[in-house]
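Values in this document were obtained by computation on a predicted structure and should not be read as measured data. Scope of the values below: all heavy atoms of this structure, side chains included, with no hydrogens, waters or symmetry mates.
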Amino acid sequence: MSDSRTGTAPTVLRMVLGKRLGALREKARVTRETAAGILDVTPLTVRRMENSEVGLKLPYVRLLLAAYGVADAEAEEFVELVKAANKPGWWHRYRDALPSWFSAYVSLEDEARLIRTYEPHYVPGLLQTEDYARAVLRAGAPRNPAELERRVALRAKRQQLLTKPDAPILWILMEEAVLRRPVGGVDVMRGQIDRLIEVVARPNVTLQIMPFSIGPHLGAFGPFHLFRFDLVDLPDIVYTENLTGAVYMDQRPDVAAYLEVLDNMSVRASGVDGTRDFLQGIRKEF
């Protein structure tokens, strides 16, 4: 319990605490069925608490910690962390423009030490200009102007993490098609490519282009993101998105498969040193 990071993003902290709660149960040799009986709930509820699929209720947590024989001081520290995990993150202010399945993504992004991304369709949100973001969002489901601007504002707010003192490392693999797909018109594309040229100079941003010339590759089925954290309780997490929702994966075989694909593509993509020249060459075509 020495890793007491009350500054951790709420959703991420809830994941950590859920795993710790499960570990404490196993250490105490208490089955989920027995834990469920203590709370007068189903074993499924206990599993969902440990997998952070639901919030952690303080009365439930206190009962379980007592049943698991956790010492008073350690239990109190755990309870304080649960209180922190139950507080809304900054993105809660944008809940009117944030799909429920995407709030966990923002929390992961906010806490990650390393973010690796493969993007075959659009410039990743963390690197988009407001004009480019507006054009992409406008092309999706119909939205009224107010909702559209709230989403653009949320995207701009997320980008602040790249310049904070403990900014994560962002490593992006992006298809050449992203740069050649006209989004929002010539001026918008020029502005977007200028933004990319600017950000690749930052020490915490690595951008590699997957040129058409490399042909087919393992990652071409769709975009995905891998998050890595400094929290010992939290494994790497892979995020994939579809038309109506998203999938978060933290099982080792799943994550290992995506990590292998990222490593493979990184070797085949253009070298980091050539990214700036590649971008400048395409910009001249607009």
Salt bridge (charged side-chain N to carboxylate O under 4.0 Å, His left out) involving R268 - partner list, sequence neighbours excluded: none
Partner set under side chain to side chain contact (heavy atoms under 4.5 Å, CB included) for A28, not counting sequence neighbours: V30, Y68
Approximate separation, where rounding is to 0.5 Å, of L56 CG and R48 CZ: 12.0 Å
Which residues share a salt bridge (charged side-chain N to carboxylate O under 4.0 Å, His left out) with R181, sequence neighbours left out: none
Residues S266 and R116: side-chain donor-acceptor under 3.5 angstrom: yes
Contacts of type salt bridge (charged side-chain N to carboxylate O under 4.0 Å, His left out), residue R95, not counting sequence neighbours: none
Where at least one partner belongs to residues 231-286, residue pairs that pass ring-ring contact (aromatic ring centres under 6.0 Å, His included), sequence neighbours excluded: Y105-Y239, F224-Y258, H225-Y239, Y239-Y248
ILVMFWY clustering at 4.5 Å (side-chain atoms), partners of I169: L114
Salt bridge (charged side-chain N to carboxylate O under 4.0 Å, His left out) partners of R93, counting only residues at least two apart: none
Value rounded to 0.5 Å, distance of CE in M174 from CG in L207: 5.0 Å
Under the side-chain hydrogen bond (donor to acceptor under 3.5 Å, both in side chains) test, residues paired with K57 that sit two or more places apart: none
Partners meeting side chain to side chain contact (heavy atoms under 4.5 Å, CB included) with V188 (sequence neighbours left out): D131, Y132
Test side-chain hydrogen bond (donor to acceptor under 3.5 Å, both in side chains) applied to Y118 - qualifying residues, sequence neighbours left out: E175
Partners meeting side-chain hydrogen bond (donor to acceptor under 3.5 Å, both in side chains) with E198 (sequence neighbours left out): none
Partner residues of R47 under the side-chain hydrogen bond (donor to acceptor under 3.5 Å, both in side chains) criterion, sequence neighbours left out: none
